[in-house]
Amino acid sequence: MTTFSFGGNTATPANQATTGFSLGTFTPKTTASGFGFGAATTTASTGFGGLFGAAQNKGFGFGTGFGTGATNTGLGTGLATGGLSFTGFNTQQQQQPALGGLFNQPIANAPQSNQLINTASALSAPTLLGDERDAILAKWNQLQAFWGTGKGYFCNNTAPVDFTQENPFCRFKAIGYSCISSNKDEDGLVELVFNKKESDVRGQQQQLVESLHKVLGGQQTLTVNVEGVKPLVDDQTEVTVYVVERSPNGTSRRVPATSLYGYFEQAHVKSNLQQLGVTHTVVRTELSQAQIKQLLQNPPSGVDPIIWEQAKVDNPDPERLLPVPMIGFKELLRRLEVEEQMTKQHQSRLDIVTEDIGELQKNQATTMAKIAQYKRKLTELSHRVLQVLIKQEIQRKSGFAIQAEEEHLRVQLDTIQSELNAPTQFKGRLNELMSQIRMQNHFGAVRSEEKYYVDGELLREIKQHLKQQQEGLSHLIGIIKDDLEDIKLIEHGLNDTLHSRAGLFS
């Protein structure tokens, strides 16, 4: 039986014959039986705050939590029991020393010359078997190097070469971009990642604050505050907190983020946080210009310097974004899941903004209606006040002779009244305008009674139906025309036949 699978180690019963890929009787002394190419092991150390963040993130962090620790995607335990079997994409996570944040790749020194020689020998000219099978082994080593996993055997007396995803021949690499944190150490922001859903964390937020205060020793001078709660993938939740310390003289300050993070990383405090459901903590501080320059000048391990330089050139916003290596399918999937989560959050926020805009529009319409109502009321009150003033002025002037100013005003009013009453002047035009207004009101009332609306979908169906009717009529007219042409031909033939027969009888 030939085994070739990407799901796990394929076990072959002892009583069943196996055939497949075999490199002879040589069996390297490894922990696995058969000819193994490196079993993937997993260590539980995940980073947060970037695509490849390590747990010891003391430099800075990105709030979206892109990625886990530096991940080596393994291809499996290799060739076991004579058959070719793979264990799929098992991951090998290892904690690396870091500057912090997303870019905690160690600054790789130049590889030793013997490692280069061994790698070149494993990929091009292995001397393990001494026959033509060494060429097959070389191709197999090349395949492992392309995948970034396994061991490359090339000599009997030399240890095999370990192929990791950081090797320059690994093909599953890409460059993405992540935002640079803008938070300062004085802001005191520290992220706590809980292995709980967002709804559970929000429902127990007050209890969480009290528990964190107890973790801090229950000092009365310290106050725990929640900056924000954000859901993550895999039903996890990110809680951003900061601690305010009050001094006896009444002043207060935020505890620096690095100090708070260092306290949370202590062994006894970390165990208490784990009991609360905290998986890991991340400090949110910005990188200095020197750190950014150092990160950009040194390509991550396993990334071609030419590709890294091109990624820096293609950076859409160098002031806010930094290039991030994505090695392996797991990191690519992780980034995709985070982007989908952020898209959902943005969409939910847009829905909230849309609802707020709709509510504001309703309030605006109500306010405009009230303003119009108040304007009408103001006009009515102005007229009433004017009438009161007129009556008051009449009572005040009663018994007095008409003054010259009043006589002059009366003359002006009489002149205006005569102009308005002239049939060819303003009165005629006013009567004409009044008649037009009455006609428009009448026609408007009639039209409003007869006005109706047609649904857009129904209107499209009506148009489609009329179009089909039109096409059918056009087709029918074409058939009738063809039939008329045929009838004319038949009539012409009958006339010719009748004329020929009449000539014969005559």
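When a residue number appears, it is its place in the shown sequence, counting from 1. Keep in mind it's a predicted model, so treat the numbers as computed, not measured.
- Looking at Gln345 and Gln341, their side chains come closer than 4.5 Å, going by heavy atoms from C-beta outward.
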*Please report the C-alpha distance between Lys330 and Arg334 in whole Å, then the side-chain angles of each, then the deciding distance to 0.1 Å, and finally whether the side chain to side chain contact (heavy atoms under 4.5 Å, CB included) criterion is met.*
CA-CA 6 Å; Lys330 185 175 181 180; Arg334 176 73 176 179; 5.6 Å; no

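- Scanning all heavy atoms of the two residues, the minimum distance from Arg335 to Gly176 falls at NH2-C, 4.1 Å.
- A 4.5 Å side-chain heavy-atom check between Val278 and Phe264 finds every atom pair outside the cut-off.
- Between Leu129 and Leu137 there is no side-chain heavy-atom pair separated by less than 4.5 Å.
- Within a 6.0 Å radius of CZ in Phe169, other residues, nucleotides and ligands contribute 12 heavy atoms or fewer.
- Taking the side chain as every heavy atom from C-beta outward, Leu466 and Gln470 never approach each other to under 4.5 Å.
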Ignoring hydrogens and angles, write down the donor-acceptor pairs under 3.5 Å from the side chains of residues 315-323, residues two or more places apart or on other chains.
residue: Asn315; atom: OD1; partner: Asp317; partner atom: N; Å: 3.1
residue: Asn315; atom: ND2; partner: Leu321; partner atom: O; Å: 2.9
residue: Asp317; atom: OD1; partner: Glu319; partner atom: N; Å: 3.4

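- Listed for the Lys196 side chain is no donor-acceptor partner under 3.5 Å among the backbone atoms of Gly277.
- Taking all atoms of both residues into account, the shortest heavy-atom contact from Asn183 to Arg284 is ND2-NH2, 3.0 Å.
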For residues 197-204, dump all side-chain donor-acceptor pairs below 3.5 Å to protein atoms at least two apart in sequence or in another chain.
residue: Glu198; atom: OE2; partner: Arg202; partner atom: NE; Å: 2.9
residue: Glu198; atom: OE2; partner: Arg202; partner atom: NH2; Å: 3.2
residue: Arg202; atom: NH2; partner: Val229; partner atom: O; Å: 3.0

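- With hydrogens and angles left out, the side-chain atoms of Thr258 and Asp185 include a donor and acceptor closer than 3.5 Å.
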_Verdict with reasoning, Ile306 to Glu309, per side chain to side chain contact (heavy atoms under 4.5 Å, CB included)_ = CA-CA 5 Å; Ile306 298 177; Glu309 292 296 328; 5.8 Å; no

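- The side chain to side chain donor-acceptor pair (under 3.5 Å) analysis of residues 348-370, with sequence neighbours excluded, yields the pairs Gln347-Asp351.
- In plain terms, the two heavy atoms of Trp308 and Leu295 that are nearest each other are CZ2-O, 3.7 Å.
- When all heavy atoms of Val193 and Gln236 are compared, the pair lying nearest together is CG1-OE1, 3.8 Å.
- The two residues Gly152 and Ala122 come nearest to each other via the heavy atoms O-CB, 4.1 Å.
- Counting non-hydrogen atoms of other residues, nucleotides and ligands closer than 6.0 Å to CD of Gln207 gives a total above 12.
- Put simply, the side chain of Leu260 does not reach to within 4.5 Å of the side chain of Thr281, judged on heavy atoms.
- By the 4.5 Å heavy-atom criterion applied to side chains, Val190 and Val243 are not counted as neighbours.
- Residues passing the side chain to side chain contact (heavy atoms under 4.5 Å, CB included) test with Tyr242 are Leu189, Asn225, Glu227, Val244, Arg254, sequence neighbours excluded.
- By the side chain to side chain contact (heavy atoms under 4.5 Å, CB included) test, Gln274 pairs with Lys270, sequence neighbours left out.
- Judged by distance alone, the side chain of Gln142 and the main-chain N or O of Leu123 form a donor-acceptor pair under 3.5 Å.
- If you run side-chain hydrogen bond (donor to acceptor under 3.5 Å, both in side chains) between Arg246 and each of Thr223, Thr251, Thr221, only Thr223 comes through.
- At least one donor-acceptor pair under 3.5 Å links the side chain of Asp187 to the backbone N or O of Lys184.
- Formation of a donor-acceptor pair under 3.5 Å by the Gln291 side chain with backbone atoms of Ser288 is found in this model.
- Leu192 places none of its side-chain heavy atoms less than 4.5 Å from the side chain of Thr237.
- Using bins of under 30°, 30° to 60° and over 60° for the plane-to-plane angle, the ring pair His268/Tyr263 lands in the perpendicular bin.
- Qualifying side chain to side chain contact (heavy atoms under 4.5 Å, CB included) partners for Pro160, counting only residues two or more places apart in sequence or in other chains: Lys151, Tyr153.
- Using a 4.5 Å cut-off on side-chain heavy atoms (C-beta onward), Arg460 and Glu457 make contact.
- The two residues Thr127 and Asp134 come nearest to each other via the heavy atoms CA-OD2, 3.7 Å.
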